[in-house]
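A, B, ... follow the sequence lines: proteins, then strands. Residue 1 opens every chain. Since the structure is predicted, the reported quantities are computational estimates derived from the model, not experimental observations.
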Number of protein chains: 2
Amino acid sequence: MPTKPTKKKPQVSAAAPARRRELLDTAAEVFAEQGYNATTVRKIADHAGMLAGSLYYHFDSKESMLEEILRTFLDELWGGYDAVLGAELDPRETLEALVTESFREIDRHRAAVAIYQKESKQLVAQERFAFLAESQRRFEKAWLSTLERGVAAEVFRADLDVRLTYRFVRDTVWVAASWYRPGGQHSPEEIARQYLSMVLDGIAVRE
Amino acid sequence: MPTKPTKKKPQVSAAAPARRRELLDTAAEVFAEQGYNATTVRKIADHAGMLAGSLYYHFDSKESMLEEILRTFLDELWGGYDAVLGAELDPRETLEALVTESFREIDRHRAAVAIYQKESKQLVAQERFAFLAESQRRFEKAWLSTLERGVAAEVFRADLDVRLTYRFVRDTVWVAASWYRPGGQHSPEEIARQYLSMVLDGIAVRE
DNA sequence: GTCCTTCCCTAACAAGTGTTTGGTAGGTTA
DNA sequence: TAACCTACCAAACACTTGTTAGGGAAGGAC
């Protein structure tokens with residue numbers, strides 16, 4: 001067995017992820033609250049109880065913190081989504097599972113979702129954040145195909161514009177991150193249930 | 001008739017509003033596209049074909065531009081809303097009229113709506129933008145009372161959480177400003193019609 | 001012509017920005 | 001004990017930020 005050939009590079013390797021995660025969590029919360037551009041590294045350091053320069057022992061740059069926050073979130077999100085999409089459920093069950101899974105992700109990654117919601121549109125232009133565009137494409141494909149399958153199977157109405165419906169559903173789900181608070185009155189599952197009831201059956205009383 | 005007692009103050013008075021409006025429109029579009037904090041006064045000046053300092057002949061500050069953009073939008077918005085609310089329509093008609101009016105406002109003030117959507121949460125904390133908080137209260141009151149009237153009149157379902165429903169409806173309507181493009185495939189009225197159909201009757205096929 | 005207003009430019013300012021460099025207290029290893 | 005690594009601090013760097021002060025060209029009023 002040869003001697004260790006490489007020195008540890010704390011800013012790059014996945015070693016000692018504990019403190020790193022901690023700092024990313026606080027950074028994410030400040031980003032979500034104040035907005036990425038309005039957040040200075042000094043504010044992040046304040047919330048973490050250290051000085052601005054010390055952050056650069058753990059991270060290359062402010063931007064790389066943002067990237068890691070979003071990447072981590074999207075990785076977990078697609079873990080859940082792929083499980084749903086691979087389960088071969090019927091269209092209605094798929095939609096219900098996707099919505100429920102989404103609210104669960106909001107519960108777990110509230111800050112990251114809020115950041116994604118606010119900043120992704122501007123970030124996508126940078127090649128560093130090109131992975132956001134790919135995620136959006138997969139996202140759209142998953143939802144649109146589910147809706148179209150439902151229309152074909154005559155469980156969803158055919159007179160609604162599928163693309164418009166997709167946008168409405170998508171936005172309403174994710175924008176919930178702006179008002180949702182973990183530990184509040186409603187659990188993610190309860191919110192999903194109410195939301196699905198509204199979208200599927202409408203709020204009007206049937207005559 | 002006495003001689004003119006006061007000199008004109010171009011930065012304050014409502015005189016010569018033509019160029020002022022023009023500049024505010026371009027500023028609003030840059031704010032909406034890049035975000036308020038990420039937008040520098042130099043970028044605004046670029047889009048307007050002038051230099052950064054020249055903006056200060058027309059406006060006191062970058063912040064006052066933002067304030068005027070939002071105030072102008074909210075004034076027009078409430079003009080439309082008050083007309084609807086004062087018409088003494090029944091709950092369902094009121095909801096339909098409010099939604100339709102909202103999409104019309106998005107059509108007319110797309111940039112301002114996008115800015116409001118992105119920045120209002122952080123701005124409300126400043127006392128300069130306290131009018132945003134008051135608008136939000138009126139907004140919530142108008143929508144909640146409409147929904148509650150509908151539940152009382154048994155035209156809206158009683159088993160849905162009114163507050164949750166309000167949030168979903170509110171968010172979906174306004175977040176449309178992020179993807180809506182004037183002159184696109186759908187008119188504001190068409191989008192409102194589709195949206196109302198979804199929210200009122202649901203997307204599921206009735207058996 | 002002269003005066004005055006409008007509208008913009010040039011050039012700079014102070015404050016705040018992300019980031020880097022060198023150093024150091026404290027624990028771990030040899 | 002000596003060497004070393006980890007995680008941070010202190011102080012500065014170059015740059016960008018919103019904003020200001022003074023000036024000047026164009027054009028209408030007199």
Would you please confirm or rule out a distance under 4.0 Å between OP1 or OP2 of [N] and any side-chain N or O of [X]?
X: A:Y56; N: C:dT19; answer: yes
X: A:S54; N: D:dC9; answer: yes
X: A:H58; N: D:dC8; answer: yes
X: B:R19; N: C:dT6; answer: no
X: B:Y57; N: C:dC7; answer: yes

### Message
Just to be sure I understand the rule, does B:T39 reach a base, reach only the sugar-phosphate, or reach nothing, if contact means heavy atoms closer than 4.0 Å?
### Response
sugar-phosphate

Note: A:W143 and A:L98 closest approach over all heavy atoms is CZ2-CB, 3.9 Å

**Asked** Are any of the side-chain nitrogens in A:E96 or A:R92 under 4.0 Å away from the carboxylate oxygens of its partner?
**Response** yes

Checklist entry - Are B:F139 and B:Y81 close enough that their ring centres sit under 6.0 Å apart? => result yes

**Study point:** Base C:dG18 to side chain A:R42, donor-acceptor N/O within 3.5 Å cut-off
**Key:** yes

Worksheet item: Between B:K62 and B:Y36, is NZ or CZ placed under 6.0 angstrom from the six-membered ring centre and within 45° of the ring axis?
Response: yes

Rounded to whole Å, NZ of A:K62 lies from P of D:dT16 at a distance of 15 Å

